[in-house]
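Before any comments, here is the structure.
Residue numbering restarts at 1 for every chain, and letters A, B, ... go by the order of the sequence lines.
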There are 2 protein chains.
Amino acid sequence: MEKCITTLLREQGFKVTPQRLAIYQALAATKSHPSAEMIFHELQPVYPTMSLATVYKTIEILKEMNLVQVLNAGEDSFRYDANTESHPHIRCLSCGRVDDLEGVDESVFIDQVAGKTPYRLTGQQFYFYGVCPACQQKT
Amino acid sequence: MEKCITTLLREQGFKVTPQRLAIYQALAATKSHPSAEMIFHELQPVYPTMSLATVYKTIEILKEMNLVQVLNAGEDSFRYDANTESHPHIRCLSCGRVDDLEGVDESVFIDQVAGKTPYRLTGQQFYFYGVCPACQQKT
DNA sequence: TAGAAACAAACAATTGTTTTCCTTTACATC
DNA sequence: GATGTAAAGGAAAACAATTGTTTGTTTCTA
């Protein structure tokens, strides 16, 4: 995996730097869909000189290379996902966590839409909102 | 319709002002899902003293009263819709317009998700992306 | 290992949105 | 209809997320 991203960066003419590897690996290693801020704080202890701007710029590159997708789950900041496959997400309105929705087949729904709209479809994002199991217990 | 929103405002203890009526009606009269900025510019000629802050404050109230819903179609600003029913939207990646998706039945998909997730579902947003008919012709 | 190209970090600028604070307005009561 | 008061409007400043710009540093080729 590390070899992969290293190679990919080189192929696209980007330099391979520890910061870029760290940011990508932080994203690839979690399912928590962190924001730029969250990545920054996670890496801060290991890379004390890392700046938020570097996180944003690296994500920009990863986005360009199709190694991350951007989520916009109705919050005031973006979240990022190293799983670039289109898949639905769900956000807990109580604690704010964002999870993948597993085992859901969206293709039928997408096909239906593709057949009905005059647009030429290129992608989609599905966001569900609710209360996660942990927060349900709290109440 | 106008009587309706006037009454609703009063019932909730809000004052009825020309600005509030104008903002709600601008939203109710269009299917273009305008942003705060767009509403502001539309009303500017009629209410020269109207400020962007008033637009935001009024939208906040309308949101609270469930008279508008907020869209977050992956742009850098929010859009608003006086149709508060949950329904899928599609955005043109070329010109930026946001349309409703008509005649699409999302209930089967939602039911599927409700059955699979441990979350207690409260809502959802579906965003599709593509190229609108007008922009397809341009290319 | 030298040197050019690309980079990271600090800092500043932008942009959408919210807050502040003072003036004006809506509206219940007289 | 006049009036008092709480709420609303407006301008500007504040804010927060993100994006440029600059400058010294690092990577990697030759």
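- Two residues, B/Ser35 and A/Thr49, neighbour DNA chain C, and the one matched to the more 5' nucleotide by heavy-atom proximity is A/Thr49.
- As a whole-Å value, the separation of A/Gln19 CD from C/dA6 P is 18 Å.
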Show the distances under 3.5 angstrom between N or O atoms of the protein and N or O atoms of nucleotides 18-25 of chain C.
unit_1, atom_1, unit_2, atom_2, d
C/dT20, O4, B/Lys57, NZ, 3.3

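- Ring geometry for B/Phe109 versus B/Phe126: interplanar angle of 30 to 60°, hence tilted.
- Spacing between atom CG of B/Leu9 and atom P of D/dG9 amounts to 10 Å, rounded to whole angstrom units.
- Closest to the side chain of B/Val16, out of D/dA11, C/dC27, C/dA9, is C/dC27.
- Rounded to an integer number of Å, the gap from A/Glu75 CD to C/dT17 P is 15 Å.
- Heavy atoms only, all atoms of each residue included: B/Cys92 and B/Cys132 are closest at SG-N, 3.4 Å.
- Straight-line distance from the CZ atom of A/Phe78 to the P atom of D/dT19: 7 Å, rounded to whole Å.
- In this structure, CG of A/Leu43 is placed 13 Å from P of C/dA8, rounded to the nearest angstrom.
- The phosphate of C/dC27 (OP1 or OP2) has a side-chain N or O of B/Arg10 nearer than 4.0 angstrom.
- Checking B/Tyr119 against A/Asp99 by side-chain atom types alone, a donor-acceptor pair falls below 3.5 Å.
- In this structure, CZ of B/Phe40 is placed 14 Å from P of D/dG9, rounded to the nearest angstrom.
- Here C/dA10 presents its C1' atom at 15 Å from CE of A/Met50, a figure rounded to the nearest Å.
- When side chains are defined from C-beta on, A/Gln112 counts as touching B/Asp105, because their heavy atoms get closer than 4.5 Å.
- Looking only at side-chain heavy atoms (C-beta outward), A/Asn72 and A/Tyr127 come within less than 4.5 Å of each other.
- By the criterion of side-chain heavy atoms lying less than 4.5 angstrom apart, applied directly or through intervening Ile, Leu, Val, Met, Phe, Trp or Tyr residues, B/Leu121 is not grouped with B/Val108; the two fall into different hydrophobic clusters.
- Minimum heavy-atom separation, A/Gln69 to A/Glu85: NE2-O, 2.9 Å.
- Distances shown here put a side-chain N or O of B/Arg20 below 4.0 Å from the OP1 or OP2 atom of D/dG9.
- Looking at which nucleotide of DNA chain C each of A/Thr58 and B/Asp76 is closest to, the 5′-most match is held by A/Thr58.
- When the C1' atom of C/dA8 is taken as reference, atom CD1 of A/Ile59 falls 15 Å away, rounded to whole Å.
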